[in-house]
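Below you'll find the structure, written out as structure tokens, and then a few comments.
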Amino acid sequence: MQLFSSPASPFGRKVKVAAHELDLLGRIEINNASLSPIAPHEGVSAANPLGKIPCLITDEGEPLFDSRVIIEYLDSLHGGTSLFPAHGPARWRALTQQALGDGIMDAAVANRYETVLRPEDLRWPEWSQGLMLKVTRGLARLEEMADSLSSTPDIGVLTIACALGYLDFRYADRSWRSGHPKLAAWFEPFSQRPSMQATVPHA
Ligand code: BEZ
């Protein structure tokens, strides 16, 4: 399998962490693709018309996107414990945690484009503030939930961990740990997992 990703992408990291936890990383060739909404990557756009990473090309040549679909696919290849609780409240909790983590990453990445890519004279501070309010509110909800966050990986907590890792990477000045002590205490051991250590984002 081939994975188009980038060392900075939190959604790409999410797929890599999942592949690592499912013991499938050895079957995936990582193709680092440098791209942005204004600088598409030809290979990625050929596989995914949305021009976005991550995108997985299966051994059968089928392009799969986005991170949610790719991880469900990888999970289906794995014979062991699933990253997706099968049913009941645990399933809906994990999927909602995934949605919250994805939403924080979406807003943080969009704001990164807004503040770094967009020419200065075209920037709209209120838009940027609105995006970061999603992050602030998301962190507040995670702090409320922190006591119930699992220490073993499932699709919910691994997404949350990748979102927090992206904030450390691109928003270190915002010091998300202050004001979120329970979340920080949960993240500390989780971030030490080999899957997280092997995928620390970089430029
Ligand atoms: C970043 O550089 O922050 C980034 C790169 C690729 C996808 C998303 C974010």
Side-chain angles (χ1 to χ4, degrees), residues 1-20 25 28-57 63-74 97-120 122-125 127-139 142 155-177 187 190-191 195-203:
M1 294 177 272
Q2 191 189 159
L3 178 70
F4 285 110
S5 186
S6 122
S9 164
F11 293 99
R13 186 183 192 190
K14 186 184 158 193
V15 170
K16 287 182 242 171
V17 169
H20 200 294
L25 209 50
I28 300 174
E29 179 197 334
I30 311 269
N31 187 336
N32 286 324
S34 169
L35 55 77
S36 78
I38 55 162
H41 179 281
E42 223 174 89
V44 173
S45 297
N48 175 359
L50 306 174
K52 292 171 88 173
I53 51 171
C55 177
L56 182 84
I57 314 294
L64 300 182
F65 47 89
D66 54 7
S67 64
R68 296 179 191 222
V69 177
I70 296 170
I71 294 173
E72 279 210 47
Y73 174 72
L74 295 178
Q97 287 174 354
Q98 171 176 226
L100 182 52
D102 279 349
I104 290 172
M105 296 194 296
D106 265 335
V109 169
N111 187 58
R112 168 91 186 153
Y113 289 149
E114 190 67 25
T115 52
V116 175
L117 267 190
R118 190 183 290 279
E120 212 159 345
L122 297 178
R123 288 182 198 157
W124 183 15
W127 182 251
S128 199
Q129 284 157 19
L131 290 171
M132 291 316 285
L133 184 59
K134 291 174 192 276
V135 174
T136 304
R137 293 174 67 94
L139 286 170
L142 288 174
I155 190 58
V157 291
L158 79 77
T159 307
I160 289 167
C162 291
L164 297 175
Y166 187 71
L167 297 181
D168 277 340
F169 175 50
R170 289 300 190 202
Y171 295 90
D173 54 319
R174 289 183 174 245
S175 309
W176 67 264
R177 286 172 183 75
F187 184 62
F190 198 96
S191 68
S195 61
M196 292 291 291
Q197 289 290 311
T199 57
V200 172
H202 59 87

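When a ligand or atom number is given, it counts from 1 through the structure's own listing order.
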Residue, atom name and distance, where the atom is the protein heavy atom closest to atom 5 (C) of ligand 1: A8 CB, 3.8 Å
Protein heavy-atom partner closest to atom 7 (C) of ligand 1 - residue, atom, separation in Å: S9 CB, 3.6 Å
Y113, any N or O under 3.5 Å of ligand 1 N or O: no
Polar atom proximity, Y166 to ligand 1 (N or O, under 3.5 Å): yes
Working for ring-ring contact (aromatic ring centres under 6.0 Å, His included), residues F187 and W176: CA-CA 11 Å; F187 184 62; W176 67 264; 5.7 Å; yes
I'd like to know if the side chain of [X] and the backbone of [Y] have a donor-acceptor N/O pair within less than 3.5 Å.
X: D168; Y: A172; answer: no
X: S6; Y: A8; answer: yes
X: R123; Y: R118; answer: yes

Of the listed options P10, S6, A110, closest to atom 6 (C) of ligand 1 (non-hydrogen atoms): S6
Atoms in ligand 1 with a heavy atom of R170 nearer than 4.0 Å: 1 (C), 2 (O), 3 (O)
Over 12 non-hydrogen atoms of neighbours within 6.0 angstrom of CD in Q197: yes
Nearest heavy-atom neighbours spanning G138 and L100: CA-CD1, 4.0 Å
Region of F11 that comes within reach of ligand 1 [heavy atoms, distance under 4.0 Å]: neither
